[in-house]
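Data first, discussion second: the structure below is written as structure tokens.
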Amino acid sequence: VSRALDLAERAVKAAEGDEADVSVHVESSGFARFAASAVHQPTLIRDETVTLRVVRDGRIGCATTNRTDDDGLAAAARHAAEAADSAPVDPSFPGLQEPARVPDVGGYDEATAALTPEDQAESAAEAISGAPGFGLYGYYTSGVTEIAVASTTGLAVSQSATDTSVLTLAASVDSSGYAEATSWRAGDLDPAAVAREAAEKANRTRGATPIEPQTFRAVLEPYAISELLFYFAFTSLNALALLEGRSYLSGRLGEKLFDESFTVVDDGLDPVNYPKAFDMEGVPKQRVSMIEQGVARNVVWDRRTAKQAGDGHVSTGHALAPPAQAFGPIPFNLSMAGGDAASVDELVERVGDGIYVTRLHYLGVVDPREGIITGMTRDGTFRIEDGRVTTPVVNLRFTTSFPELAAGLLGLTKDVTLVNRSDFYDERYPFGTLVPAVATDAFTVVGTGSGPGL
Amino acid sequence: VQDLTEKAIDAAVAAGAGYADSRVVRRRAQHVATKNGEVDSVSDAETEGIGVRVLVDGAWGFAGDPRLSEEGARDAALRAVAFARASASRARSRVHLAAIPPATGEYAAPVERDPVEVPLEEKIALCLRAEEGMRRPEVKITEATVRAMREERLFRSSEGASVTQRFVECGGGIDALAVSDDGRVQNRSYPSAHGGSSGQTGWEFVEELGLDREAPRVGEEAAALLTADACPSGVTTIVVDAEQMVLQVHESVGHPTELDRVYGTEAAYAGTSFLKPDDLGGLRYGSEHMHVTADPTTALGLGTFGWDDEGSPARRQPVVEGGVLTGYLASRETSALIGRDLGGSMRADSWSRMPLVRMTNLHLEPGAGSLEDLLADVDDGLYLCTNKSWSIDDKRLNFQFGTQVAWEIKKGKLGKMLRDPTYMGVTPEFWGRLDAVAGTEEWTMYGLTNCGKGQPGQHAHVSHGTSPARFRAVQVGVRQ
């Protein structure tokens with residue numbers, strides 16, 4: 001029995017209610033964060049968090065604690081009971097998940113789990129050695145997480161997972177380039193190669209000049225399209241947003257909304273991504289086909305939204321832990337199908353004249369119902385002229401419709417890349433987005449900003 | 001528990017740390033959310049642990065452990081030393097800390113009614129009552145939230161600092177989402193978007209917010225936005241309400257004046273700053289009407305403390321005076337780099353995170369006159385209220401912000417409501433267009449709990465006091 005599952009089952013026993021479920025998150029991680037080619041914020045974290053939900057006479061209460069001795073679990077049980085007793089009956093509560101078989105999805109690597117702080121510092125040093133002409137900024141991190149869910153229904157599931165990421169920004173006063181890599185196997189990552197990619201990109205950004213704002217034909221690297229896709233998915237491929245009319249897909253399911261090359265699934269079972277066996281209610285993950293050849297087909301569901309919708313909907317295994325369920329179900333294993341382009345260069349040829357975007361910064365959803373997102377480009381923005389990437393451009397302010405971008409796809413690379421999407425706030429929950437590079441005829445730039453560099 | 005902070009320091013120093021500090025944090029936080037007349041969630045969260053930060057041969061190391069025991073304290077200390085030592089062997093330079101007198105003493109937030117002890121039934125009832133007030137046929141979703149937090153933080157350093165601080169926070173907010181028959185969506189919030197507003201004090205703060213009092217207006221305005229005209233594009237005069245000014249100050253003054261960003265340590269994630277160290281005292285940030293102050297002593301502020309998370313005492317400090325940059329938000333390390341005593345702004349979001357340079361309470365100082373006085377001097381313009389969307393570039397220069405609502409200003413008076421307003425600018429140019437800030441009678445402080453920074457990420461709780469402000473010749477309506 002894993003540490004997490006043992007804790008979950010102890011917490012279920014401590015619960016004071018008619019029914020209860022418990023999710024447990026155990027983390028051990030190291031973060032070698034560097035700036036100006038030196039490690040400056042090295043952080044080691046150990047923690048274990050127990051979230052207990054009790055049902056008492058149809059009333060629901062939750063409590064969370066990291067005090068995992070008997071006294072701590074008893075206090076959490078008491079707090080959850082008090083919360084439940086304070087609440088009115090919850091008519092929307094869908095009940096607890098029944099015991100279910102969860103798939104063995106992998107995602108755990110012994111060698112990654114065994115990495116020490118010295119190993120993490122060494123990997124950061126390898127990255128730094130890969131960009132000798134620049135200051136290198138970013139991090140190397142690895143961690144082990146265990147997640148378990150248990151309940152009074154007899155549910156008892158757990159999963160151990162590993163993750164590693166290296167993120168690099170090679171920069172000088174007047175140049176900056178970006179690259180990153182992520183995997184649940186540390187052996188898949190070459191920190192020095194990632195830093196070399198960032199440095200090579202930075203080398204080409206000196207002398208950036210402004211460009212007249214307009215709607216461009218554009219190539220977006222995986223780093224850029226993954227962020228746009230996740231923001232769109234968070235606000236639109238989410239059953240709660242769909243039911244509340246806030247999603248771009250509200251009232252549009254079944255319609256062809258995007259280019260037929262645009263296909264998006266959420267697949268927790270895919271070992272190329274960060275595989276996940278179940279959600280935070282213990283529901284086994286399902287592969288959900290959301291956009292099929294440009295047609296809006298589905299979103300992801302949890303037990304509460306499935307009950308709210310009726311019509312035979314069931315949870316697809318995308319619930320957050322109970323206190324966070326106000327966000328609705330979230331697709332943490334997004335995958336966008338690749339296309340027919342052999343390389344990014346081929347996408348550039350298809351664009352002909354336009355812009356090339358490496359990475360985005362500080363996105364904001366201007367209008368979730370219409371899928372309009374704003375942000376800046378950074379660390380590698382270039383002109384595309386006559387089918388070739390040419391001169392560097394300053395950072396650009398874009399305010400663009402994601403649906404129009406996806407309706408105007410000119411091509412996608414065959415190869416797809418896993419891009420880390422976790423910023424490691426709160427409990428560690430690694431996840432990524434598997435995407436190709438894309439070319440589109442609709443990327444709207446509304447302003448220009450500063451040049452690349454520090 | 002105080003003993004544990006000492007044992008951690010002792011273990012770190014014995015293992016080779018030239019400097020060590022330790023923080024024990026115990027927190028309990030409650031959150032109540034209701035939605036469409038039902039309880040959406042009632043949660044009660046506890047977390048505790050010890051964080052140990054060390055310098056070994058001039059290189060940092062940090063480790064956090066949830067066990068408040070001798071074993072946990074010692075393990076955290078030894079792991080922090082090991083990580084620092086592994087980094088130190090490759091370091092190109094040593095970290096130096098500006099000297100400060102070792103802090104000793106206690107701080108406690110002023111509380112009349114402990115918000116954690118307020119019965120959950122009372123919190124739920126308040127939320128449901130406020131929600132009820134927002135209901136309209138067009139309003140499909142009503143939401144209300146309240147929060148309460150109590151935290152004890154003990155800090156000790158190898159230099160002899162030893163402080164105990166007790167923080168108490170609470171707050172709340174309401175939101176109405178209106179949806180038209182043809183699928184258009186608009187929302188209004190009070191007292192601000194993004195979880196409402198919080199203060200560092202007792203439950204009396206939440207009672208004074210008047211969530212149920214404001215609810216009918218919030219519901220009415222959300223419904224009215226469905227049929228409002230879209231905000232036009234153009235260059236015009238804008239008057240920005242105090243709530244949106246909070247975000248304007250936060251994003252375009254607060255973050256760029258964090259000295260760690262100026263020195264590049266946030267370059268890979270949150271970004272850097274358009275400011276440079278030698279801009280201090282000379283750079284023109286905005287017009288003569290612009291006065292910004294960092295003040296961790298402000299009553300009720302979420303950034304109020306006795307000492308920051310490396311033992312620097314709270315001190316009010318100007319950041320921009322008469323439009324000129326005169327201060328930075330700093331740490332002991334960055335103060336040593338710039339060679340100036342800039343006070344302490346180091347804060348960590350929990351025991352498991354290393355302190356970072358963060359905003360405390362950063363205020364736009366009031367000018368003179370009322371909101372009506374600001375409007376009176378506008379022949380044709382817009383009054384923009386309540387943040388809706390935000391984005392700013394990595395140097396904190398180019399920004400685009402959206403608000404939930406705007407009203408036309410015609411010949412000094414508010415006119416019709418407009419939906420989907422946005423405005424954009426470049427930080428020093430934009431602040432250079434500031435030609436009036438309303439006075440003390442309009443000055444309001446908002447407390448935010450969602451300021452993100454750092455890798456691994458941290459949420460800071462910060463407050464900003466602002467008055468409505470007027471800017472000339474601003475690009476509005478830039479939405480595609």
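The chains referred to below are lettered A, B, ... by the order of the sequence lines, with proteins before strands, and numbering in each begins at 1. Bear in mind the structure is a predicted one, so any value in this text is a computation, not a measurement.
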**Asked** Is chain B contacted by the side chain of Leu136(A), its backbone, both, or neither, given a heavy-atom distance below 4.5 Å?
**Response** neither
**Asked** What is the distance from atom CZ of Phe83(B) to atom CD of Gln120(A), rounded to the nearest 0.5 Å?
**Response** 5.0 Å
**Asked** With a 4.5 angstrom heavy-atom cut-off, which part of Asn395(A) approaches chain B: side chain, backbone, both or neither?
**Response** side chain
**Asked** Is the backbone of Gly183(B) close enough, under 3.5 Å, to the side chain of Arg369(A) for a donor and an acceptor to pair up by distance?
**Response** yes
**Request:** Provide the closest heavy-atom pair for Asp393(B) versus Gly449(A) in the form atom of the first, atom of the second, distance.
**Result:** OD2-CA, 4.3 Å
**Asked** Does some side-chain heavy atom of Pro368(A) sit less than 4.5 Å from a side-chain heavy atom of Val185(B)?
**Response** no
**Request:** Measure distances from Ala82(B) to the heavy atoms of chain A and classify the residue's part below 4.5 Å as side chain, backbone, both or neither.
**Result:** both
**Request:** Give, as side chain, backbone, both or neither, the part of Val179(B) having an atom under 4.5 angstrom from any heavy atom of chain A.
**Result:** side chain
**Request:** Taking the side chain as every heavy atom from C-beta outward, state whether Leu356(B) and Gln41(A) have any pair of such atoms under 4.5 Å apart.
**Result:** yes
**Item:** Main-chain N/O of Asn398(B) paired to Arg397(A) side chain as donor or acceptor, under 3.5 Å
**Value:** yes
**Asked** Counting only N and O atoms by type, is there a donor-acceptor contact under 3.5 Å from the side chain of Lys395(B) to the main-chain atoms of Gly451(A)?
**Response** yes
**Request:** Side chain from CB out, backbone as N, CA, C, O: work out which of these in Glu266(B) comes under 4.5 Å of a heavy atom of chain A, or both, or neither.
**Result:** both
**Asked** Which atom pair, heavy atoms only, marks the closest approach of His361(A) to Ile392(B)?
**Response** CD2-O, 3.2 Å
**chain A contacts, top residue of Gly402(B), Gly61(B), Ser41(B) (heavy-atom pairs, under 4.5 Å)** = Gly61(B)
**Request:** Measure from the side-chain N and O atoms of Ser391(B) to the backbone N and O of Tyr362(A), and report whether any donor-acceptor pair falls under 3.5 Å.
**Result:** yes
**Most contacts with chain A, counted as non-hydrogen pairs under 4.5 angstrom, among Ala33(B), Ala84(B), Ala268(B)** = Ala268(B)
**Complete:** If one checks every heavy atom of Leu167(A) against chain B at 4.5 Å, the contacting part turns out to be side chain
**Request:** Check each atom of Ala87(A) against the heavy atoms of chain B and say whether the ones under 4.5 Å are side chain, backbone, both or neither.
**Result:** both
**Message:** So for Phe31(A), is it side chain, backbone, both, or neither that comes closer than 4.5 Å to the heavy atoms of chain B?
**Reply:** both
**Asked** Rounded to the nearest 0.5 Å, what separation is found between the OG1 atom of Thr47(B) and the CD atom of Glu427(A)?
**Response** 8.5 Å
**Complete:** Nearest heavy-atom approach of Val366(A) to Thr422(B) is CG1-CG2, 4.5 Å
**Item:** Spacing of Arg67(A) atom CZ and Arg67(B) atom CZ [to the nearest 0.5 Å]
**Value:** 16.0 Å
**Complete:** Smallest heavy-atom separation, Pro91(A) atom then Glu38(B) atom, equals CG-OE2, 3.2 Å
**Message:** If the condition is salt bridge (Lys or Arg N to Asp or Glu O under 4.0 Å), which residues does Glu48(A) pass it with, not counting sequence neighbours?
**Reply:** Arg3(A)
**Request:** Report yes if some heavy atom in the side chain of Phe399(B) is under 4.5 Å from a heavy atom in the side chain of Thr374(A); otherwise report no.
**Result:** no
**Request:** For the pair Gln400(B) and Thr399(A), evaluate side chain to side chain contact (heavy atoms under 4.5 Å, CB included) and give the outcome as yes or no after the intermediate values.
**Result:** CA-CA 9 Å; Gln400(B) 178 182 312; Thr399(A) 301; 2.7 Å; yes
**Side chain, backbone, both or neither of Ser37(A) within contact of chain B (heavy atoms, under 4.5 Å)** = both
**Complete:** Between the CG atom in Asp367(A) and the CZ atom in Arg419(B), the distance rounded to the nearest 0.5 Å is 9.0 Å
**Request:** Below 4.5 Å from any heavy atom of chain A, which atoms of Ala59(B) appear? Answer side chain, backbone, both or neither.
**Result:** neither
**Most chain A-contacting option - heavy-atom pairs closer than 4.5 Å, from Ala76(B), Ala80(B), Ser389(B), Ser89(B)** = Ser389(B)
**Residue part contacting chain A, namely of Ala270(B), when any heavy atom lies under 4.5 Å** = backbone
**Message:** So for Gln458(B), is it side chain, backbone, both, or neither that comes closer than 4.5 Å to the heavy atoms of chain A?
**Reply:** backbone
**Request:** Considering only heavy atoms and a distance below 4.5 Å, find which of Glu121(B), Arg85(B), His31(B) pairs most often with chain A.
**Result:** Glu121(B)
**Asked** Can you check side chain to side chain contact (heavy atoms under 4.5 Å, CB included) on Gln30(B) and His79(A), steps first, answer last?
**Response** CA-CA 10 Å; Gln30(B) 291 175 337; His79(A) 291 155; over 6 Å; no
**Complete:** Whatever's closer than 4.5 Å to a heavy atom in chain B on Ala32(A) counts as both
**Asked** Side chain, backbone, both or neither: which part of Pro213(A) has a heavy atom under 4.5 Å from chain B?
**Response** neither
**Prompt:** Which bit of Arg53(A) is near chain B, if near means a heavy-atom gap under 4.5 Å: side chain, backbone, both or neither?
**Reply:** neither
**Message:** Would you say that Phe62(B) contacts Pro42(A) through its side chain, given a criterion of any heavy-atom pair below 4.5 Å between the two side chains?
**Reply:** no
**Message:** Using heavy-atom distances under 4.5 Å, tell me whether Thr43(A) contacts chain B through its side chain, its backbone, both, or neither.
**Reply:** both
**Asked** Between Asp394(B) and Met376(A), is a side chain to side chain contact (heavy atoms under 4.5 Å, CB included) present by the stated rule, with each step listed?
**Response** CA-CA 8 Å; Asp394(B) 57 316; Met376(A) 296 292 297; 5.8 Å; no
**Asked** Any donor-acceptor pair under 3.5 Å linking the side chain of Arg353(B) with the backbone of Asp426(A)?
**Response** yes
**Prompt:** Counting heavy-atom pairs under 4.5 Å to chain A, which of Glu143(B), Glu333(B), Arg28(B), Lys123(B) comes out on top?
**Reply:** Arg28(B)
**Fill in**
Honestly, the part of Ala35(A) sitting under 4.5 Å from a heavy atom of chain B is side chain
**Request:** Pick one of side chain, backbone, both or neither for Glu122(A), based on which atoms fall under 4.5 Å of a heavy atom in chain B.
**Result:** both
**Request:** For chain A, find which of Thr272(B), Thr265(B), Val39(B) contributes the most heavy-atom pairs closer than 4.5 angstrom.
**Result:** Thr265(B)
**Request:** Go through the atoms of Ser43(B) and report whether side chain, backbone, both or neither lie under 4.5 Å from a heavy atom of chain A.
**Result:** both
**Request:** Output yes when Glu244(A) and Lys140(B) qualify as a salt bridge under the 4.0 Å nitrogen-oxygen rule, no when they do not.
**Result:** no
**Request:** Could you look at Thr68(A) and say if it's the side chain, the backbone, both or neither that has a heavy atom under 4.5 Å from chain B?
**Result:** neither
**Prompt:** Given that the side chain runs from C-beta out, which part of Glu251(B) has a heavy atom under 4.5 Å from chain A: side chain, backbone, both or neither?
**Reply:** side chain
**Message:** Looking at Asp182(B), I'd like to know if its CG atom is crowded, meaning that more than 12 non-hydrogen atoms belonging to other residues, nucleotides or ligands lie closer than 6.0 Å.
**Reply:** yes
**Request:** Pick one of side chain, backbone, both or neither for Arg396(B), based on which atoms fall under 4.5 Å of a heavy atom in chain A.
**Result:** side chain
**Prompt:** For Asn187(B), is it the side chain, the backbone, both, or neither that has a heavy atom closer than 4.5 Å to a heavy atom of chain A?
**Reply:** neither
**Complete:** Nearest heavy-atom approach of Ile45(A) to Arg79(B) is N-NH2, 4.1 Å
**Prompt:** Where on Asp47(A) is there a heavy atom nearer than 4.5 Å to chain B: the side chain, the backbone, both, or neither?
**Reply:** both
**Complete:** Turns out that what part of Leu397(B) lies under 4.5 Å from chain A's heavy atoms comes down to side chain
**Item:** Part of Arg53(B) lying under 4.5 Å from any heavy atom of chain A
**Value:** neither
**Request:** Heavy atoms only: give me the nearest Leu454(A)-Lys276(B) pair and the separation to one decimal.
**Result:** O-NZ, 3.5 Å
